[in-house]
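One structure below.
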Amino acid sequence: SFFLTMTCQFCWQLPPSDYKCASSTNCMTVSCPRKRYSTNCTVYDHVHCLGNRTFPKMMFCNWTGGYKWSTALALSITLGGFGADRFYLGQWREGLGKLFSFGGLGIWTLIDVLLIGVGYVGPADGSLYI
């Protein structure tokens, strides 16, 4: 005999890490940031929940505003001390801060090259890089 401890909740209430959803074929690469699509999600076999293990869900499309990662990185390396990378990404407040502090005397510029390089800093509108 064995005991199983689980949270009593329906499958559709599980966190996204406990199920997998089918990708959309209707989403455009460049689209509205709030566009949604209907898909079917299936709970992983090792997760226990109540109700149907396959359920419909509305998901947001992955979208891009047209910003290129390579352009952001090139601007960060060459003109990062003047805030050009932040202005390009639509983060004008940070761009002004870098402009008037000369890139944080170089420290902020080096950190931004690293953050943009690994993809941690992205467009201000929440979109993905091209």
Side-chain angles (χ1 to χ4, degrees):
S1 69
F2 63 90
F3 294 99
L4 176 66
T5 303
M6 66 178 251
T7 305
C8 186
Q9 60 187 355
F10 288 100
C11 294
W12 58 268
Q13 295 174 318
L14 293 172
S17 60
D18 289 340
Y19 56 85
K20 182 177 181 179
C21 298
S23 297
S24 170
T25 57
N26 298 336
C27 288
M28 303 287 288
T29 304
V30 179
S31 66
C32 174
R34 307 312 295 171
K35 184 175 179 185
R36 296 167 60 131
Y37 66 95
S38 180
T39 186
N40 287 326
C41 300
T42 305
V43 178
Y44 292 122
D45 292 334
H46 68 278
V47 178
H48 300 284
C49 58
L50 301 172
N52 292 332
R53 297 184 65 77
T54 301
F55 54 92
K57 184 169 180 125
M58 293 295 289
M59 304 284 288
F60 288 107
C61 292
N62 288 335
W63 66 286
T64 179
Y67 298 97
K68 289 186 175 184
W69 173 82
S70 58
T71 303
L73 185 62
L75 284 172
S76 184
I77 292 169
T78 58
L79 299 171
F82 301 107
D85 52 348
R86 294 291 185 142
F87 285 120
Y88 172 72
L89 294 174
Q91 301 171 357
W92 62 272
R93 290 180 186 94
E94 291 87 349
L96 287 175
K98 283 180 76 173
L99 178 64
F100 292 122
S101 69
F102 301 108
L105 299 178
I107 306 290
W108 194 353
T109 302
L110 292 175
I111 291 172
D112 266 359
V113 169
L114 178 69
L115 293 178
I116 290 173
V118 298
Y120 186 78
V121 173
D125 59 5
S127 65
L128 301 173
Y129 286 117
I130 293 178

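Note: hydrogens, waters and symmetry copies are ignored here, and every other heavy atom, side chains too, is used.
- Taking 4.5 Å as the limit, every side-chain heavy atom of Leu89 sits out of range of all side-chain heavy atoms of Glu94.
- Every residue was checked against the side-chain contact (heavy atoms from CB on, under 4.5 Å) condition with Asn52, not counting sequence neighbours, and none meets it.
- Residues Leu114 and Leu105 are members of separate hydrophobic clusters, defined by side-chain heavy-atom contacts under 4.5 angstrom among Ile, Leu, Val, Met, Phe, Trp and Tyr.
- We find the OG1-CZ distance between Thr109 and Arg86 to be 10.0 Å, quoted to the nearest 0.5 Å.
- A donor-acceptor pair under 3.5 Å links the side-chain atoms of Lys98 to the main chain of Gly80, judged by distance alone.
- Leu75 and Tyr88 get closest at one heavy-atom pair: CD1-CB, 3.5 Å.
- The closest side-chain heavy-atom distance from Tyr129 to Ile116 is below 4.5 Å.
- Between Pro56 and Asn40 the shortest heavy-atom distance is CA-OD1, 3.8 Å.
- Nearest heavy-atom pair across Val113 and Leu73 is O-CD1, 3.8 Å.
- Under a hydrophobic-cluster definition in which Ile, Leu, Val, Met, Phe, Trp and Tyr are linked whenever side-chain heavy atoms come within less than 4.5 Å, directly or via other members, Leu96 and Leu115 are assigned to the same cluster.
- Between Leu50 and Cys8 the shortest heavy-atom distance is CD1-SG, 3.3 Å.
- Taking each heavy atom of Ala124 and Gly90 in turn, the nearest pair found is CB-O, 3.5 Å.
- Hydrophobic clustering (side-chain heavy atoms under 4.5 Å, transitive across Ile, Leu, Val, Met, Phe, Trp, Tyr) groups Ile77 together with Ile107.
- Rounding to the nearest 0.5 Å places OG1 of Thr78 at 8.5 Å from CG of Asp85.
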Begin with the C-alpha distance, continue with both residues' side-chain angles, and end with the deciding distance and a verdict on ring-ring contact (aromatic ring centres under 6.0 Å, His included) for Phe55 and Phe10. CA-CA 10 Å; Phe55 54 92; Phe10 288 100; over 10 Å; no
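- Taking hydrophobic clusters as Ile, Leu, Val, Met, Phe, Trp and Tyr residues chained together by side-chain heavy-atom distances below 4.5 Å, Leu110 does not share a cluster with Tyr120.
- Closest non-hydrogen pair, Val43 versus Cys11, comes out as CG2-CB, 3.7 Å.
- Grouping the Ile, Leu, Val, Met, Phe, Trp and Tyr side chains by contacts below 4.5 angstrom, directly or via other members, places Tyr37 apart from Trp12.
- Rounded to the nearest 0.5 Å, atoms OH (Tyr44) and SG (Cys49) are 13.0 Å apart.
- Among residues at least two apart or in separate chains, there is no salt bridge (Lys or Arg N to Asp or Glu O under 4.0 Å) pair with a member in residues 43-58.
- Under the 4.5 Å side-chain criterion, counting only non-hydrogen atoms from C-beta, Val121 is in contact with Gln91.
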